[in-house]
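Have a look at the structure below, then the notes.
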Amino acid sequence: MDKTYFLTQSTSLILVIVISLIFAFLGILHSKKFPGINNYLTANRNIGLFSLTTSLVASALGAWILFGPVAAATWGGVGAIIGYALGTAFPMIFLIYFGKKIRNEFPKGSSLVEFMRKKFGKSLFKLILLMTIFYMFIFLCAEVTAVAVLINYISGTELWITALIVLVATLSYTLYGGLRASIFTDNIQMIVIGVLLFILISIISSSSGDNFSFSLINEKNPQLVSSNYIPGYTAGLTFFIAVAATNLFHQGNWQRVYAAKNYQTLKNGLLISFFIIVPIVFLMGFIGMVSFSIDSSVRPDLGFFNLLLKDQTEILSFLIVILGLALTISTVDTLVNAISSLFAVDGKATFNLGKKTDYLKISKYFILILSIIAFGVASRGFDILYLFLLADLFCCAFVVTVFYSFYNKVDEKTAYVSIIIGLVAGFLMFPFPDFSKSLLVGVFLSKDLFSPFIAQSLLFLSFLIATFLPAIILKIKFK
């Protein structure tokens with residue numbers, strides 16, 4: 001039997017093309033007023049509070065918020081969504097302090113990796129650069145895949161069509177206008193995202209009636225809101241550690257740290273962003289718990305759409321497509337420009353191809369290659385969650401050492417040792433794709449030698465060890 005979709009493919013396709021072209025046109029038109037490398041990399045360091053705040057929030061909230069928190073809440077409960085929300089938003093608080101430090105010590109910079117190059121030798125900085133690009137590339141694949149899957153769910157449109165349109169439209173204005181274009185379109189996209197989220201969540205709340213409450217969850221799935229539910233704590237800490245660590249290495253955030261016209265603007269923008277992001281992610285997780293409590297047979301990551309589209313309303317399907325595109329394009333343009341800027345700024349120190357080499361031009365070719373790979377991944381609908389988790393593990397192993405060095409002198413050898421030990425130890429505990437075992441628990445040593453808590457918390461423990469073992473090494477070294 002053929003599946004019944006909410007929109008026809010032709011309608012969905014027209015909508016995707018029109019919305020993508022509108023953002024591309026606006027980005028290119030605006031960028032023509034602001035040419036030059038400084039606008040491409042740091043928007044001429046002159047971004048005001050409104051633009052900075054909307055750009056920070058729009059870049060942080062990708063299409064993943066429609067799937068991730070909703071699904072996580074169905075097994076991790078309140079603890080998971082609190083950890084998810086704080087993990088997504090807390091880097092904004094960290095950046096208030098780290099941003100002040102980096103702007104004062106390196107006022108003409110444009111990336112975290114540049115700053116690390118000054119702190120450490122060329123060998124370690126290359127490792128940090130590689131890890132940062134790897135994480136953002138996985139993020140890029142995930143976002144394009146998410147919107148392609150969303151449009152396919154709504155209308156049955158083939159994955160490759162959506163992926164191609166979104167990538168081509170976003171690349172067209174981002175590679176032309178850089179950060180200036182990304183921030184300008186983020187302003188518009190964030191207004192669209194805010195209005196649509198408010199409308200759609202209000203519709204879910206009113207149509208669900210008394211079911212849109214913690215009392216229903218407590219009645220149907222009391223463990224999800226119980227203070228004695230151990231998986232809730234481990235899930236919350238897992239999401240907090242992993243998401244916070246990875247976002248601290250997001251070059252898009254560091255570009256915006258430098259783009260703010262002064263520190264007070266940066267501080268206020270980051271604080272406001274924190275208080276916008278937390279309730280949005282928490283609400284999406286709450287919707288996941290409500291959907292799961294109403295009908296536990298629904299696929300966990302589709303809980304938001306299940307509640308919203310239960311009457312198969314065409315208008316709501318229109319709004320969801322627009323929301324998904326705005327969320328995706330606002331994140332993808334940030335990632336594209338972030339990776340391009342890293343290559344343009346740090347390419348010379350990494351490759352040293354010659355004095356006349358145009359690293360900005362090469363960076364655009366590099367982005368095109370990565371985009372083709374991302375297109376291939378999204379076209380096949382690959383589940384890249386496991387790769388995302390692996391990228392999280394890398395960031396966890398780096399985070400303490402890198403940011404400890406902001407305020408304390410750390411020699412390159414010690415930094416290397418702490419990072420590698422944290423990474424190896426975390427990798428030994430990192431679960432296999434089926435999450436049933438790890439190299440240490442189940443391969444090198446029998447699972448019977450470990451407590452049930454350890455065997456069932458491999459992901460949590462791998463992140464915990466990778467993050468805090470380097471801290472112990474640094475503490476011993478500098479005691």
To the nearest 0.5 angstrom, please state how far the [atom1] atom of [X] sits from the [atom2] atom of [Y].
X: S172; Y: I28; atom1: OG; atom2: CD1; result: 4.5 Å
X: I161; Y: I17; atom1: CD1; atom2: CD1; result: 9.0 Å
X: F212; Y: L307; atom1: CZ; atom2: CG; result: 8.0 Å
X: L302; Y: L66; atom1: CG; atom2: CG; result: 10.5 Å
X: L316; Y: E314; atom1: CG; atom2: CD; result: 10.5 Å
X: K267; Y: Y97; atom1: NZ; atom2: OH; result: 7.0 Å

Please name the pair of heavy atoms, one in [X] and one in [Y], separated by the smallest distance, quoted to 0.1 Å.
X: T401; Y: P470; value: OG1-CB, 3.8 Å
X: S12; Y: S155; value: OG-OG, 3.0 Å
X: T42; Y: S110; value: CG2-CB, 3.5 Å
X: A146; Y: A63; value: CB-CB, 4.0 Å
X: L423; Y: L393; value: CD1-O, 4.2 Å
X: A259; Y: A43; value: CB-CB, 4.4 Å

Given side chains that start at C-beta, do those of [X] and [Y] come closer than 4.5 Å, heavy atoms only?
X: I81; Y: M289; value: yes
X: F394; Y: I138; value: no
X: I241; Y: F468; value: yes
X: L309; Y: I320; value: yes
X: L319; Y: L323; value: no
X: F137; Y: I373; value: yes
X: L179; Y: N39; value: no
X: N38; Y: R45; value: no

Pair Y386, F430 - check ring pair (Phe, Tyr, Trp, His ring centres under 6.0 Å), show working.
CA-CA 10 Å; Y386 192 73; F430 193 71; 5.4 Å; yes
State whether the side chain of [X] and the backbone N or O of [Y] hold a donor-acceptor pair below 3.5 Å, judged by distance alone.
X: N187; Y: S51; answer: yes
X: S418; Y: A415; answer: yes
X: Q251; Y: N337; answer: no
X: S330; Y: A326; answer: yes
X: N253; Y: N247; answer: yes
X: S205; Y: I201; answer: no
X: S291; Y: G288; answer: no
X: T414; Y: V410; answer: no
X: T328; Y: L325; answer: no
X: S340; Y: V336; answer: no

Which residue pairs pass the salt bridge (Lys or Arg N to Asp or Glu O under 4.0 Å) test when at least one of the two sits in residues 6-35, sequence neighbours left out?
none
Residues 165-191 vs salt bridge (Lys or Arg N to Asp or Glu O under 4.0 Å), sequence neighbours excluded, gives D186-R256
Between F23 and F184, does a side-chain contact (heavy atoms from CB on, under 4.5 Å) hold up when you go through it step by step?
CA-CA 10 Å; F23 287 135; F184 176 73; over 6 Å; no
Tell me, with the steps shown, if S317 and Y5 meet side-chain contact (heavy atoms from CB on, under 4.5 Å).
CA-CA 10 Å; S317 301; Y5 293 103; over 6 Å; no
Tabulate below the donor-acceptor pairs under 3.5 Å that side-chain atoms of residues 275-287 make, not counting sequence neighbours, or state none.
none

Please state whether the rings of [X] and [Y] are parallel, tilted or perpendicular, taking 30° and 60° as the class boundaries.
X: F249; Y: F398; result: perpendicular
X: Y135; Y: H250; result: perpendicular
X: W254; Y: F406; result: tilted

Hey, mind stepping through L171 and S371 against side-chain contact (heavy atoms from CB on, under 4.5 Å) and telling me if it holds?
CA-CA 9 Å; L171 288 169; S371 298; 3.6 Å; yes
Residue pair N152, T162: steps toward the side-chain contact (heavy atoms from CB on, under 4.5 Å) verdict:
CA-CA 8 Å; N152 175 263; T162 303; over 6 Å; no
Could you list the residues that satisfy ring-ring contact (aromatic ring centres under 6.0 Å, His included) with F427, not counting sequence neighbours?
none
With sequence neighbours excluded, what pairs up with Y84 under the ring-ring contact (aromatic ring centres under 6.0 Å, His included) test?
W64, F239
Might you confirm whether atom [atom1] of [X] has over 12 heavy atoms from other residues, nucleotides or ligands at distances under 6.0 Å?
X: Y263; atom1: OH; result: yes
X: K413; atom1: NZ; result: no
X: K364; atom1: NZ; result: yes

Under the ring-ring contact (aromatic ring centres under 6.0 Å, His included) definition, can you give me all pairs with a residue in residues 150-173, not counting sequence neighbours?
F6-Y153, Y153-F305
Given L327, which of I193, L150, V192, V147 fulfils the side chain to side chain contact (heavy atoms under 4.5 Å, CB included) condition?
I193
